[in-house]
Undergrad: 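Encoded as structure tokens, here's the structure I'll be asking about.
This is a predicted model, so every value here is computed, not measured. Sequence positions, counted from 1, serve as the residue numbers for this chain. Indexing begins at 1, ligand by ligand and atom by atom, following the structure's order.
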Amino acid sequence: MQPLSLPPRLLMGPGPINCYPRVLSAMSTQLVGQYDPTMTDYMNDVMALYRQVFNTQNEQTFLIDGTSRAGIEAAIVSILEPGDKVLVPIFGRFGHLLAEIAERADAEVHTIEIPWGDVFKPEQIEDAIKKVQPKLLAIVQGDTSTTMLQPLEELGAICRAHDVLFYTDATASIAGNPFETDKWQIDAVSVGLQKCLGGPSGSAPISLSERFVHSVRQRHHVEAGIRDAHHKDANGQRIRSNYFDLSMIMDYWGEERLNHHTEAATMLFGARECAVALLTEGQDAVLKRHQLAGDAMLAGIQAMGLTPFGDLDHKMANVVGVNIPDSVDGEAIRKELLTTFNIEIGTSFGPLKGKVWRIGTMGYNARQDAVLHTLQSLETVLRRGGCKLPLGEAVDTAMSIYRNGD
Ligand SMILES: *Cc1c(COP(=O)(O)O)cnc(C)c1O
């Protein structure tokens with residue numbers, strides 16, 4: 001039997017990305033029992049750290065064990081009862097995922113859509129809220145499928161004015177773009193580690209406002225510390241998932257520590273280290289590092305003579321879509337980058353399939369050397385593929401962005 005052996009890839013796609021080395025180290029830590037006071041202290045510590053990551057005072061801030069969509073699913077199946085109305089504005093692939101998960105919860109799903117590469121104006125969302133009168137607005141902040149960052153600042157006030165709960169999936173955007181749970185009046189947010197937080201996928205940090213918690217709790221009752229899992233609310237609709245039942249998961253993370261699942265301790269150590277890495281470097285410094293890497297990558301791509309995809313005023317800092325030149329086979333270029341240079345960039349889905357590459361500069365890889373290696377290698381592969389390019393311009397331009405940005 002061979003030992004585990006993987007190539008030393010530089011992951012410059014839309015996620016996953018290479019982990020911070022300190023996160024990998026933290027994940028090789030030996031376990032203690034799940035109710036060992038050391039472990040429960042670390043669970044409390046993780047809650048406090050992620051309150052800082054999310055910029056919130058929300059008591060209910062913890063981890064869902066599973067990839068990012070575990071967080072999405074926990075929020076949606078726990079809040080929506082069959083027949084509840086939800087509004088999902090869709091501007092990319094992950095909007096469709098939110099709608100699909102809500103459909104599976106038998107909610108009444110209303111969607112509005114715009115072309116990929118655009119974002120919604122607050123008025124468009126408010127008009128739809130007035131028409132639909134949903135219980136929940138569910139919207140993605142940064143959709144890696146289109147690279148767009150939906151402004152959320154004004155949506156919280158709109159939701160409060162119409163008595164709507166406000167959920168967002170900030171998996172792709174958190175730690176690379178500003179995110180303010182409390183200031184923006186967001187009721188529920190979930191993320192994953194494998195984008196700008198610099199960890200592996202497998203843990204989904206989540207934060208819930210008191211309003212949201214109250215609404216979830218109405219569906220379940222816990223009396224004298226004994227869970228009656230068969231208890232149903234007035235409509236007889238209990239949460240249709242055990243694993244993603246936020247009411248039970250909150251009791252597990254809460255003071256009573258009611259048994260639910262076995263905490264995925266190794267993922268918790270990783271998630272904790274992602275938060276520590278972010279907060280030690282400082283949120284502002286990390287945002288600036290992502291902005292600089294994203295600006296340098298964008299400028300380098302443009303200097304090479306390639307054109308970026310979508311509305312640049314609303315691009316996420318941490319990923320750029322690149323229109324694939326007509327003269328090349330996009331998949332052949334990606335393959336050559338991977339096999340010859342050990343660099344992975346992303347392909348695209350749906351309407352952008354075969355038309356756009358996606359290049360990420362996230363977490364550990366939001367670094368000057370990673371940006372420069374990627375630009376230089378892409379230039380070389382394109383040149384050898386027959387493209388006429390202004391040689392050396394991409395790296396020179398990216399370096400000058402770094403020089404001016406420091
Ligand atoms: C990358 C991404 C995810 C990832 O979900 P997983 O379950 O971790 O694969 C979810 N939402 C958005 C917006 C993303 O960009």
Undergrad: Ignoring hydrogens and angles, tell me if any N or O in the side chain of Q150 forms a donor-acceptor pair with the backbone of I139 under 3.5 Å.
TA: no
Undergrad: Can I get a per-line list of side-chain donor-acceptor pairs under 3.5 Å for residues 126-137, giving both atom names and the distance, sequence neighbours left out?
TA:
unit_1 : atom_1 : unit_2 : atom_2 : d
E126   : OE2    : H162   : NE2    : 3.0
K135   : NZ     : I79    : O      : 2.7
K135   : NZ     : D84    : OD2    : 2.9

Undergrad: Quick check, are the ring centers of W357 and F309 under 6.0 angstrom apart?
TA: no
Undergrad: Indicate the ring-plane relationship of W116 and H96, choosing parallel, tilted or perpendicular according to the 30° and 60° boundaries.
TA: tilted
Undergrad: Evaluate the criterion salt bridge (charged side-chain N to carboxylate O under 4.0 Å, His left out) for residue pair R217 and D251; output intermediate values, then yes/no.
TA: CA-CA 11 Å; R217 290 284 194 199; D251 292 340; 3.0 Å; yes
Undergrad: Tell me which residues fall inside the under-4.0 Å heavy-atom shell around ligand 1.
TA: T67, S68, R69, F94, V140, G142, T144, D169, T171, A172, Q194, K195
Undergrad: Cationic tip of R367 within the cone over Y364's six-membered ring, i.e. under 6.0 Å and within 45° of the normal?
TA: yes
